[in-house]
Amino acid sequence: MSEPGESGPGPTGMNRRAFFKIVATSGAAVAAAGCGKEAEELLGQTPTKLIPYVVPPDGIVPGVAAYFSTVCRECPSGCGLVAKNRDGRVIKLEGNPDHPVNAGALCIRGQAQLQGLYHPDRFRGAQSGGKGAAWDDVEKQAGDKIAALVKARQGRRLALVSGLETGSLGRLMDEWTRALGARPRIAYEALGYEALRAANRAAFGRDAIPHYAIEEAGYLLSFGADFLETWINPVAYAGAFARMHALGRGRAGTFVHVEPRQSMTAANADEWLRNAPGTEGVLALAMLQVILEEGRHAKEADAGALRAAVKGVDVAKAAEISGVPAETIKRIAHDFAQAKGALAIGGGVAMTGPHATDTLIAVNLLNSAVGAVGKTIRFGADAALGKTGSYADMAKLTQAMAAGEIDVLVLADVNPVYNMPAKSGFAEALAKVGLVVSLANHPTETTAKSTVVLPALHALESWGDYAARDGVIGLMQPTMGPVTMDGKPVDGKSTGDILLSLGRRALGTEEGKGPLKWGSFEEYVREQWQGLARQHGGGKAFADFWEESLRRGGVWGAPATPAVGKVDIGRLTGEPAKLEGDGTHALLLYPSIRFYDGRSADKPWLQEAPDVMTQVAWDGWVEVPVETADKLGLGRGDMVKLTSPHGSIELPAWPSKTLHPGAVAVAMGLGHDFPGAFANGGRIRTNTEHDVFLNGGASPLRLLPAAPEVASGGLPHLAVKVSLTRTGARRPLAIPQATFDDENREIAEIVGLAAAREMELRGKSPEGASFPSMYPPIKYPDYRWGMAVDVDACTGCQACVVACSAENNVPVVGKAQVAYGRAQQWIRLERWEKGQGGKTNVFLPMFCQHCGVAPCEPVCPVYAAYHTAEGLNAQVYNRCVGTRYCGNNCPYHVRRFNWFNYTWTAPLDQQLNPDVAVRQLGVMEKCTMCIQRIEKGKNDAREAGRAVKDGDIQTACQQTCPTQAISFGNLKEGAARVTKLSASPRSYHVLQQLGTRPAVTYLAKVVRGETGGHGAEKGHKA
Amino acid sequence: MSVATQPGQPSWADVNRDVARTVGMPGNTYFAWMCLVALILGCGVLAWAYQIWTGMGAAGKRTPQMWAMYITTFVFWIGIGHAGTLISAILYLFRAKWRTSIYRGAEAMTVFAVMTAGLFPLIHAGRMWFAYWLTPYPNQRYLWPNFKSPLVWDVFAISTYLTISVVFFLVGLVPDIAALRDQSTGVKKKIYAVMSLGWEGSDSQWRHYRRAYGLLASLATPLVLSVHSVVSFDFAMALVPGWHSTLFAPFFVDGAIFSGFAMVLLLIIPMRYLFNWYAYITDKHMDAMAKLILVTSLVLTYFYICEAFTSWYSGEHFERASLFYRATRQYAWAFWLQYLCNSVVPLVFFWRKARTHIATLYIVSLFVLVGMWFERFNIIVLGLGFDFYPYTWGTYYPTVTDSTIIVGSFAWFFLLFLGFIRVMPSLSIVEVKEVLAHPLKHAPGGRH
Amino acid sequence: MAMASVLGIFAHVDTTLDAIRKLREKGFSELTVYTPVPVEEIEEEIERVRPLSKVRLFTLVGALTGTSTGFFLTIWSSLKWSLVTGAKDPVSFPPFIIIAFELTILFGGLATALAILLLGRLPRLSPSPTYDPRFTLDRFGVAVSCPPETAATVTSLLTASGAEEVRR
């Protein structure tokens, strides 16, 4: 423990001047580390000891959090982040409320990236040949090799592959390749959206992905675009969708989705058209045909060109091919053409097929026909994804490698060995490369095959910047020092720094001279931002501009909208996709909301949060149409062998009532080849089980051909037909939801749009049931905390589930426990099939209802469960004896019991929230409405000398929700959002008739075309 | 032997002798049995230790079946206890003479059954090392149990029941121990002397004793009825469909007595054989108990019908669904087994011969015990399995750990009982004598 | 002056009863009667002059103490630590009745057991001089304590009424 006034590092190993800087600037909700060196100095080290309270090192206030704004790099969307740093460790991530893209929200993967930061598998230091090695040796080895190439003027034999980098790092990499005369860098994204760009080139003459203004659309027609899951920017689009679709936001637009599989996005559609795989283009053209024939197209549309395009397209034939009735096609076409702000988008399997480009061109033409371009489709603010390299480039590189034309290959945080089809032969080609240098922070299939690994720091530990879309440039700063593992910080550098020193070594130049003169990557970033300062700084001194940008998280501008060229694309063949192989079922390979392209698979939080549609946790599965399942006698968990001309994999079956009979569906992202701690289903250190390497190697990419789509150079995910054989083996799936039928138990409610509108006018009808009591009503002196969940806005993305786990130290329990109904999550996302034929999917976030008349409280023999004066249903862990009576008596079964002593594999434990107790063996726990946040809010208000205002306090689940479906506040405050919503005519309480009087109110989902019926009545009663 | 095996009435001296010979150094077979039982108990203890170490997860509980076999067995043992008190207290008040030769054994059974049941709340608690928090004890933090919780009612009911049963039991024992004292020699005599409190059977002792005994009996009677009612409140006070019923108190009490009598038969029949007590425990007794089993079984059946009827007649979806799923989904076999064992099998006792036919009695008793255990299992595990929230429905699977602990509890009970019958008079000397003809010099009516 | 005590040992109920009556008639009231089992007739004979046993008083007091303790404990503690559970008042009467009832039985029972010990003068550390082990087997005993000079009369009375054996 350090004496006051003692200089040098305190017991935290942290320079106190530096730390003082932070604490000074950490007042605001979003603060930045003091600019420049101090920050570096501070963040150079992470505390390894606890901070003593008795005599803390100068300037350190234990328990005071510092907040750093940065950019989320889990996927190319580039959402803004705010990282909460407590005593030198990042413990929680939240969306940056000032960021124009995600406006404070964050998706499930964004929340979970903390587990990438603290992943037990992270490289502790440099590696050579799979074994630990001294950094300098490895860097020298690589540097010398490159130097040799440079000297020999053989830069062509050097290649650099990186992920999508739209900012300074990208530019530095290009300077690097230029300086070394290397091949042009390939920015490789497994989901590259090549076809979308190609289609835009063809139809609009712009090689970019525009901003699709879903928020302004009145009628959204999606051809397979999973914009609520992974498409371009799911967080932004989910928010936009809520604005255009949810009744609560006034618009209540219509959303029609076309896809062979009922994806989560399809489940949110008002009408889901199940088409035959690969017929989206056919449908689009047919609709276009209808619009043109009936002259419903917008006047500004170039009817001539459009007519040319659909020449010979026959609606009846299209109907027959696609399996969508002609009248449906006509109806949709009419509605689409009439709607105000119509918008058609294409993605998912429609975007990655043998002629995906044609499909997307057809979709584009639909947009032109209704004059959406320039209105709901805006070029200019183009998405980052428009700047990726293509799969074709990678294929070329692979050939070069195989031909031995590459001596040194630098792979910057990419995993092509997993992401490219096995058929592409990348893995084999890698062996032919003399030296493969991987810059990555955790092991992957690719690092396993690399000669050397130079650990690159995690994005949360590095400087940088990233433009989510043109004009919106997010600034990245280290939110903490390198994570401490095995007692010392990991030995790594940011990718930029590694490249700089590697490059200088190769060029033989030193700092300050030559093409790569910058001392550090941070310096380079600052230099880049000088330019931005002139542009956006408004004449401010650079230092101020820099400081301000760090606080804000970047600079936001709106670029000019360029003219959209009119391109005659000639005639489009209304042909369905031709699939390879003589299999029985088309293979639908789709990106998963939880694992994206597979990069997130090793995060336990994501594994444990079940896929919301199938409710499968901790494992891969293949969705088999129920017809086929019956034929083959497949039940849930029966292993099926999928065989394509290119390979075969085995996965447990999940019979699906909704999947197109001619298809099977497998999500991308699982089936990894390396025994990571958690990927593939995980090895969770509970006291119970160790499923290591679950469904390892069962990556669906093994089934795909290697050939890119000709028109776009993208990798077709919809390319083969597979045949199914039952292996006879079984691997039971962990499915926490027992049934999707709620038997109309007042759990998930729906109400027809008309009825809902009428109710809005009539206002909330008086309480249906009355609940007489022997006892006087409870008084709540100051606050009565409550929540309202607008089920109509919930898309089922599950960001709340992971956010809650992160905030409240909820343990991960592993597959076997989840399967046995012992998942610990405090909030779970249920899917209920409602309405006629269960066609309407209702997503219901269920957590402690904090009942006014709580059945769990009086049965507790020791007052461990009791009601606070603020209406919270409190659970006193220390008092709990573990009789579990409360668990029985809770009709919602949202109480979680600590069946075992759950542990966090180091260094995951560094993420634990110091404000929340880690529950011990044998006690009951449950949602607390983030009582620690409530307390903080009250304290802040007290210090500000006022009462808590609405919005001061946000629960973790509410904060991260992209659609703002959840609201929290004081029910005694009439003006509070939560109070208003709770009084909505659509509001109801789950299991209302039990008279538990929950503090959590749900708002019934609004369905189109349903007269309401059951749902509506309930709506009245509530 | 001669006296006992003859149908003729034994003399007072015979009684003392026949009881005295049952206590004292037992043979090898006895010890062999004891060892076996102790071994099983040992396994149970180990299993419990393992569970405490790993956590409740070691037992097959899950959400929503957060209660399962432990509470099942707890209720089962409490129920067993009831027959003993019924025989020793209620039948005493009714002056049912036939009780005299079986009530001692039955009372011992009660005490040991309650001692066994008492273990389960501990075994069941997630943090059993804090279980004492359920008792009201003064502490500096003014923490008190929640007297509104049925579990705290349990604590009071069970501990009262145990205490009163023990007192009643010991009081009954005193004169008999005195009798043993006067027949034995050496150390044994000394021990018995101490335990008999120097009882002499003088008129002043008898008159207080008799009155006190009567009063204890009349206190124990409402108690025994209340205990299982309170236990039933654990369920009736809860919200769970299939639990939340006003029927439960009488339903449970009747079931308790029902299973209790089965257990009494299970213990008495071999005891009579081993100790050769045919002179004291006659077919009359068997017949009487068989009749009681029959009656309680019929009452139970009536309750079953009520249960089903009300849940159907209520028109409430939850109640109906709960019953329907219990009868049709997994564990349906257990559901139907319960009816077979409790409502159908005992009907054989309508047949006079069956009521005295030892094998039949024995087998029926076994069926009844199995049936009653499963009745509680079905109420708890199946009731919770299909309650309000379909999301969480699922199947509970027993584990090696909890099964071993359950078996161990039976071992614990039999260990206590076997120990008892070898050191204490398991036949009431005094009361048996009382019902034998009192020695008279002149034929009755000779003088007045 | 010291009292002598004479013990008559009987084999039959009627003879014992006869002896007791005779002694009473002759004015010997200091009797102690030993019986292996409680015998109605003998008890009646003795109860005629004795006051009723006080056991029930003990029981009553014990029971009432229990009731009041039950209510006090529950109400006082809920006031002391008044927490709302399930919208119930801290002091919600109905559940407390159960506690009170159980304690009534408990205290009543214990008091009764206590009564046996106190009133029955138990435990006895050493057997009384007139006690004989056969009294727990099948013999009855009538012990008379009387002035020495009348001992002879007592003896004859006992033998007359059929005592197997008379000790003095």
Side-chain angles (χ1 to χ4, degrees), chain B residues 11-13 16 136 142-149 152-153 156-157 159-160 163-164 167-168 170-171 174-175 178-179 181-183 194 197-212 215-216 219-220 222-223 226 230 233 429-431 433-434 438-442 446-447, chain C residues 11-15 31-39 42-43 46-47 50 53 55-56 59 63 73-74 77-78 80-81 83 85-86 88 92 95-96 98-99 101-103 105-106 108-110 112-113 115-117 119-128 131 133-138 162:
Chain B
S11 73
W12 283 16
N16 284 48
Y142 291 114
L143 302 178
W144 291 97
N146 175 6
F147 290 107
K148 301 172 205 76
S149 164
V152 174
W153 308 344
F156 277 76
S159 47
T160 304
T163 321
I164 297 299
V167 167
F168 202 42
L170 295 179
V171 168
V174 165
R181 171 198 64 200
D182 294 340
Q183 307 213 325
V194 173
L197 307 173
W199 176 268
E200 290 181 341
S202 67
D203 53 303
S204 66
Q205 287 174 345
W206 275 126
R207 52 193 275 266
H208 299 304
Y209 178 90
R210 299 259 295 167
R211 187 160 289 277
L215 285 165
L216 278 174
L219 283 172
L223 176 63
S226 84
V230 169
F233 289 164
I429 299 173
V430 169
E431 297 214 13
K433 281 186 192 163
E434 251 185 300
H438 295 182
L440 296 172
K441 191 158 199 173
H442 316 286
R447 286 262 295 283
Chain C
H12 305 100
V13 177
D14 47 2
T15 49
L31 305 179
T32 315
V33 182
Y34 298 96
T35 53
V37 306
V39 182
I42 297 179
E43 256 178 20
I46 295 165
E47 290 293 337
R50 291 251 186 79
S53 160
V55 175
R56 47 188 189 168
T59 314
L73 178 67
T74 48
S77 69
S78 337
K80 201 79 187 163
W81 201 32
L83 294 175
T85 60
K88 289 181 176 61
S92 10
F96 299 168
I98 294 170
I99 307 294
F101 169 81
E102 297 297 344
L103 289 188
I105 304 286
L106 182 61
L110 291 175
T112 315
I116 300 178
L117 299 181
L119 302 176
R121 303 270 186 285
L122 290 171
R124 283 189 68 95
L125 302 179
S126 60
S128 50
Y131 177 70
R134 284 172 292 173
F135 295 154
T136 54
L137 187 57
D138 54 0

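Throughout, a chain's letter reflects where its sequence line sits, starting with A, and its residues are numbered from 1.
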[X] versus [Y]: any side-chain heavy-atom pair under 4.5 Å?
X	Y	answer
V13(C)	P439(B)	yes
T163(B)	L110(C)	yes
P136(B)	L73(C)	yes
L197(B)	L117(C)	yes

Among [options], who wins on heavy-atom pairs under 4.5 Å with chain B?
options	result
I99(C), D138(C), T85(C)	I99(C)
S92(C), A115(C), G162(C)	S92(C)
T32(C), V37(C), L31(C)	V37(C)
I98(C), L137(C), L122(C)	L137(C)
F101(C), F96(C), Y34(C), Y131(C)	Y131(C)
P123(C), G120(C), P38(C)	P38(C)

Measuring from atom [atom1] of [X] to atom [atom2] of [Y], what distance do you get when rounded to the nearest 0.5 angstrom?
X	Y	atom1	atom2	result
L215(B)	T112(C)	CG	OG1	5.5 Å
R121(C)	H208(B)	CZ	NE2	7.0 Å
I429(B)	T136(C)	CD1	OG1	8.0 Å

Side chain, backbone, both or neither: which part of [X] has an atom under 4.5 Å from a heavy atom of chain B?
X	value
T59(C)	side chain
A11(C)	backbone
I46(C)	side chain

Can you say whether [X] sits under 4.5 Å from chain C via the side chain, the backbone, both, or neither, judging by heavy atoms?
X	value
L143(B)	both
Q183(B)	side chain
L219(B)	both
F233(B)	side chain
V171(B)	side chain

**Message:** Restricting to non-hydrogen atoms, name the atom on I116(C) and the atom on A212(B) that form the minimum distance, rounded to 0.1 Å.
**Reply:**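 Shortest heavy-atom separation between I116(C) and A212(B) comes out as CG1-CB, 3.3 Å.
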
**Asked** Looking at L83(C) and K148(B), what are the two nearest heavy atoms and their distance?
**Response**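 Closest approach of L83(C) to K148(B), heavy atoms only: O-NZ, 4.3 Å.
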
Report the option among [options] that has the most heavy-atom pairs separated by less than 4.5 Å from atoms of chain C.
options	answer
S149(B), P145(B), S226(B), S159(B)	S226(B)
Q205(B), K433(B), R181(B)	K433(B)
Y209(B), W144(B), F168(B), W199(B)	W144(B)

**Message:** Could you check whether atom CZ of R56(C) has more than 12 heavy atoms from other residues, nucleotides or ligands sitting under 6.0 Å from it?
**Reply:**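 No, not enclosed.
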
Flag, side chain of [X] to backbone of [Y], donor-acceptor distance under 3.5 Å:
X	Y	result
D14(C)	L440(B)	no
E102(C)	T160(B)	no
D203(B)	I42(C)	no
W206(B)	T35(C)	yes

